[in-house]
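Have a look at the structure below before the remarks.
All values derive from a computational prediction rather than experimental measurement.
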Amino acid sequence: ATHQSFLSERSLYLLLFNLKDGDAGVNELTPWLENIALRAPRSCVFIVGTHLDEIPAKDRARIDTLLKRAGDMASKFSSKLQIKEVLGVGLKKQLENVNNLKESIYNCAAQYVLEREPVMGQMVPASYHLLDKHIQDLQKEVRNGTREPI
């Protein structure tokens with residue numbers, strides 16, 4: 001798969017899984033953690049269980065156990081990755097833990113240092129801006145029907 005080509009140390013990763021999938025969802029995190037550890041060591045990783053707001057209150061203890069299991073599994077990668085947080089969020093019926101997640105992401109990004117240099121605020125090469133403009137122009141052509149999508 002090509003997604004591995006886009007893994008970079010200069011990134012912050014959110015690994016999401018559906019809490020309603022139980023242990024199967026947690027198990028699906030392992031290959032992602034392995035890939036990030038191999039291709040982007042020292043990266044910051046957040047593990048986020050989604051659909052928390054769809055879990056009945058009587059099942060929340062099971063969810064706490066599931067999140068702990070995800071954290072224990074992720075801790076096996078702590079020598080290669082910075083596992084910042086493991087938490088559940090709800091977005092559909094009511095917002096749960098979203099502000100906590102946003103604050104944690106912001107704090108991590110603001111403090112992220114690579115090779116003794118803060119990552120935030122680093123200059124982006126001009127060629128990246130040119131590439132971005134070219135991609136946007138291609139998108140406009142496809143939307144306007146003057147170019148076939150690839």
Side-chain angles (χ1 to χ4, degrees), residues 1-56 59-60 63 66-67 69-71 73-74 76-78 80-150:
T2 60
H3 63 270
Q4 297 172 1
S5 301
F6 299 101
L7 298 178
S8 163
E9 284 184 337
R10 296 184 177 279
S11 300
L12 181 148
Y13 293 92
L14 298 178
L15 294 183
L16 287 82
F17 71 101
N18 188 334
L19 289 167
K20 296 189 297 183
D21 292 341
D23 287 329
V26 172
N27 293 338
E28 290 176 6
L29 298 171
T30 300
W32 286 99
L33 288 164
E34 290 170 345
N35 279 320
I36 295 168
L38 288 171
R39 290 172 173 76
R42 299 187 311 265
S43 294
C44 295
V45 178
F46 291 81
I47 297 181
V48 182
T50 62
H51 297 83
L52 180 62
D53 55 333
E54 296 179 27
I55 307 292
D59 294 333
R60 290 296 175 100
I63 296 305
L66 194 62
L67 290 169
R69 185 172 166 264
M73 185 206 35
K76 295 174 187 170
F77 296 89
S78 63
K80 295 185 178 182
L81 299 172
Q82 299 179 53
I83 307 298
K84 293 297 185 178
E85 194 160 357
V86 178
L87 78 160
V89 297
L91 296 168
K92 192 172 182 182
K93 294 179 180 176
Q94 69 180 52
L95 297 180
E96 287 189 61
N97 285 339
V98 174
N99 286 334
N100 294 342
L101 179 60
K102 286 184 343 186
E103 185 175 324
S104 293
I105 291 169
Y106 176 83
N107 290 336
C108 179
Q111 298 169 8
Y112 193 24
V113 173
L114 193 62
E115 297 174 11
R116 289 184 254 158
E117 294 265 338
V119 173
M120 292 295 286
Q122 289 184 354
M123 301 298 287
V124 176
S127 60
Y128 287 22
H129 293 289
L130 292 172
L131 177 61
D132 183 52
K133 182 177 178 349
H134 181 69
I135 290 171
Q136 288 178 16
D137 291 344
L138 289 173
Q139 288 174 331
K140 286 178 189 173
E141 289 177 19
V142 169
R143 283 191 206 110
N144 294 335
T146 58
R147 180 182 192 89
E148 289 292 319
I150 298 173

*Over all heavy atoms of both residues, which pair between Ala70 and Val86 is shortest? Give the atoms and the distance, please.*
CB-CG1, 4.1 Å
_If you count heavy atoms of other groups shown closer than 6.0 angstrom to NE2 of His134, is the number above 12?_
no
*In chain order, what residues pass the salt bridge (charged side-chain N to carboxylate O under 4.0 Å, His left out) check against Lys102, with sequence neighbours excluded?*
none
*Once you round to the nearest 0.5 Å, how far does OH of Tyr13 lie from NZ of Lys84?*
15.0 Å
*Atom of Leu33, atom of Met73 and distance for their closest heavy-atom approach*: CD1-CE, 3.9 Å
*asked:* Quick one, Glu34 with Leu29, criterion side chain to side chain contact (heavy atoms under 4.5 Å, CB included). Give me CA distance, side-chain angles, the key distance, then yes/no.
replied: CA-CA 9 Å; Glu34 290 170 345; Leu29 298 171; over 6 Å; no
*Return the set of residues passing salt bridge (charged side-chain N to carboxylate O under 4.0 Å, His left out) with Lys93 (not counting sequence neighbours), or none when no residue passes.*
none
*Determine the minimum heavy-atom distance between Gln82 and Arg42, stating which atoms define it.*
NE2-O, 2.8 Å
_Approximate separation, where rounding is to 0.5 Å, of Glu54 CD and Leu91 CG_ = 9.5 Å
*Heavy-atom side-chain proximity of Leu138 to Arg147 below 4.5 angstrom*: yes
*Closest heavy-atom contact between Gly90 and Leu52?*
N-CB, 3.9 Å
*asked:* I'd like to know if Arg60 and Glu96 make a salt bridge, using a cut-off of under 4.0 Å between side-chain N and carboxylate O.
replied: yes
*Partners passing salt bridge (charged side-chain N to carboxylate O under 4.0 Å, His left out) against Asp59 (at least two apart in sequence or in another chain)*: none
_Minimum heavy-atom separation for Ala37 and Phe77, please, with both atom names._
CB-CD2, 4.1 Å
*asked:* Main chain of Leu12, side chain of Ser43: is a donor-acceptor contact present, judged purely on distance under 3.5 Å?
replied: no
_Point-to-point distance, once rounded to the nearest 0.5 Å, from CZ of Phe17 to CG of Asp23_ = 9.5 Å
*Any chance you could measure Arg39, atom CZ, to Ser11, atom OG, to the nearest 0.5 Å?*
14.0 Å
*asked:* Using 0.5 Å steps for rounding, measure from the CD1 atom of Ile36 to the CG atom of Leu15.
replied: 4.5 Å
*asked:* For a 4.5 angstrom cut-off between non-hydrogen side-chain atoms, does Thr50 reach Leu19?
replied: no
*asked:* If the condition is side chain to side chain contact (heavy atoms under 4.5 Å, CB included), which residues does Thr146 pass it with, not counting sequence neighbours?
replied: Glu141, Asn144
*Shortest non-hydrogen contact between Leu16 and Leu14, atoms and distance*: CD1-O, 3.4 Å
*Could you list all the salt bridge (Lys or Arg N to Asp or Glu O under 4.0 Å) pairs where at least one residue sits in residues 127-136, not counting sequence neighbours?*
Lys133-Asp137
*Tell me, please, which residues at least two apart from Glu85 pass salt bridge (charged side-chain N to carboxylate O under 4.0 Å, His left out).*
none
*What distance separates Leu101 CG from Glu103 CD, expressed to the nearest 0.5 Å?*
10.5 Å
